[in-house]
Amino acid sequence: MQKVIKTDKAPGAIGPYSQAIEINNMVYTSGVIPVDPATGVIPEGVVAQAEQAISNLVNLVEASGSKVENVIKTTVFIKEMNDFAKINEVYAKYFKEPYPARSCVEVARLPKDVLIEIEAIAWK
C-alpha cells in the first residue's frame, strides 16, 4: 500500500504530484527545489540554493519517518556543470559515508529558474 508524504518543511507541490510517496518501506521523493517553505523566497547563488534544496530534501525524508542516513540514491539536476564542485561541498555536509549512489546532470532549465533540484530514494 502506498502512502503520500507531505510536509510544510519543504516546498509544496506546484503541479499534480506528491512531495513523496512511501511504498514497501521505501520513500521516493519528487524533485525538491531551493524555495524557503516558510517565505517562498529563493536564495541567490548556487551555494545558498544547494543548502536550501538539500535542507528541504532532508526535511521531506524525515517527514516520512526515515532519516538522511537511509538515503540510498539521489539525482541532482543543475543548471551549470561548472557549479559541480560548489554543490559537492554542500552535499558533503548532509551526506556521509557510505555516500548514496548519485546521478548529476546539467539541464537547460529548472522550475522557477532555480540553479539546482534534487530528489532521493530512501529506506525506512
Side-chain angles (χ1 to χ4, degrees):
M1 175 167 215
Q2 78 179 20
K3 176 182 175 187
V4 174
I5 308 300
K6 185 175 181 182
T7 181
D8 60 2
K9 293 182 179 179
I14 54 176
Y17 60 89
S18 299
Q19 287 176 301
I21 295 289
E22 177 189 340
I23 190 164
N24 296 330
N25 292 319
M26 298 296 293
V27 178
Y28 301 86
T29 75
S30 291
V32 180
I33 60 175
V35 174
D36 182 320
T39 65
V41 172
I42 297 170
E44 295 212 17
V46 71
V47 171
Q49 286 196 20
E51 287 276 0
Q52 185 68 60
I54 297 171
S55 175
N56 290 342
L57 179 74
V58 169
N59 289 339
L60 183 54
V61 168
E62 289 176 351
S64 77
S66 187
K67 54 188 176 178
V68 71
E69 295 85 2
N70 292 354
V71 172
I72 57 174
K73 170 75 166 81
T74 62
T75 304
V76 182
F77 304 94
I78 59 177
K79 175 82 171 140
E80 175 60 55
M81 194 56 75
N82 290 331
D83 291 333
F84 186 74
K86 292 176 186 175
I87 292 168
N88 268 343
E89 287 180 25
V90 176
Y91 188 93
K93 291 180 186 178
Y94 292 87
F95 298 101
K96 305 299 181 197
E97 290 189 53
Y99 300 112
R102 180 179 77 180
S103 300
C104 182
V105 294
E106 181 182 70
V107 297
R109 194 165 180 207
L110 291 164
K112 297 188 180 270
D113 291 319
V114 298
L115 304 174
I116 181 173
E117 180 173 359
I118 184 168
E119 64 183 30
I121 301 170
W123 59 274
K124 285 184 69 176

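Both Met81 and Val90 are assigned to one and the same hydrophobic cluster, defined by single-linkage of ILVMFWY side chains at heavy-atom distances under 4.5 Å.
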Review point. Are Val35 and Lys112 close enough, and set up right, to give a side-chain contact (heavy atoms from CB on, under 4.5 Å), and what steps lead you there?
Key: CA-CA 9 Å; Val35 174; Lys112 297 188 180 270; 4.1 Å; yes

Exercise for review: Please step through salt bridge (Lys or Arg N to Asp or Glu O under 4.0 Å) for the pair Glu22 and Lys124, ending with a clear verdict.
Suggested key: CA-CA 9 Å; Glu22 177 189 340; Lys124 285 184 69 176; 3.1 Å; yes

Exercise for review: Evaluate the criterion salt bridge (Lys or Arg N to Asp or Glu O under 4.0 Å) for residue pair Asp113 and Arg109; output intermediate values, then yes/no.
Suggested key: CA-CA 6 Å; Asp113 291 319; Arg109 194 165 180 207; 2.6 Å; yes

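Taking every heavy atom of both residues into account, Lys79 and Leu110 meet most closely at N-CD1, 4.4 Å. Nearest heavy-atom pair across Ser66 and Ala122 is OG-CB, 3.9 Å. Ala20 and Val27 get closest at one heavy-atom pair: CB-CG1, 4.3 Å. Closest approach of Ile14 to Tyr17, counting heavy atoms only: N-OH, 3.1 Å. Listed here is the closest heavy atom pair of Ile42 and Gln49: CG2-NE2, 3.6 Å. In terms of heavy-atom proximity, Pro43 sits nearest to Gln52 at CG-CB, 3.9 Å.
Counted within 6.0 Å of NZ on Lys73, heavy atoms from surrounding residues, nucleotides or ligands total more than 12; the atom is thus considered enclosed.
Between the side chain of Asn56 and the main chain of Ile33, a donor-acceptor pair closer than 3.5 Å is present. Of the possible polar contacts, none joining the Asn24 side chain to the Met26 backbone as a donor-acceptor pair under 3.5 Å is found. Side chain of Ser30 to main chain of Ser18: a donor-acceptor pair is present (N/O by atom type, distance under 3.5 Å, no hydrogens or angles). Between the side chain of Thr29 and the backbone N or O of Ala120, at least one donor-acceptor pair lies under 3.5 Å. A donor-acceptor pair under 3.5 Å is formed between the side chain of Gln19 and the backbone N or O of Ala10.
Atom CD1 of Ile118 sits about 6.0 Å away from atom CD1 of Ile116, to the nearest 0.5 Å. To the nearest 0.5 Å, atom NZ of residue Lys9 and atom CG of residue Leu60 are 12.0 Å apart. Taking CD1 of Ile78 as the reference point, atom NZ of Lys86 lies at 11.5 Å (rounded to 0.5 Å). Considering CG of Asp83 and CG of Asn88, their distance stands at 11.0 Å, rounded to 0.5 Å. Remark: Ser55 OG to Asp36 CG distance equals 9.0 Å, nearest 0.5 Å. Atoms CD and CG, on Glu44 and Leu115 in that order, are 9.5 Å from each other to the nearest 0.5 Å.
Looking only at side-chain heavy atoms (C-beta outward), Met1 and Ile23 stay at 4.5 Å or farther from each other. Inter-residue side-chain proximity for Val71 and Ile121 is flagged as unmet; no heavy-atom pair is nearer than 4.5 Å. The closest side-chain heavy-atom distance from Tyr94 to Val58 is below 4.5 Å. Side-chain contact between Val114 and Pro34 is present, with heavy atoms from C-beta onward closer than 4.5 Å.
Salt-bridge formation is detected for the pair Glu51/Lys93: a Lys NZ or Arg NE/NH1/NH2 atom is positioned less than 4.0 Å from an Asp or Glu carboxylate oxygen.
Taking the ring centroids of Tyr91 and Phe95, they lie under the 6.0 Å cut-off.
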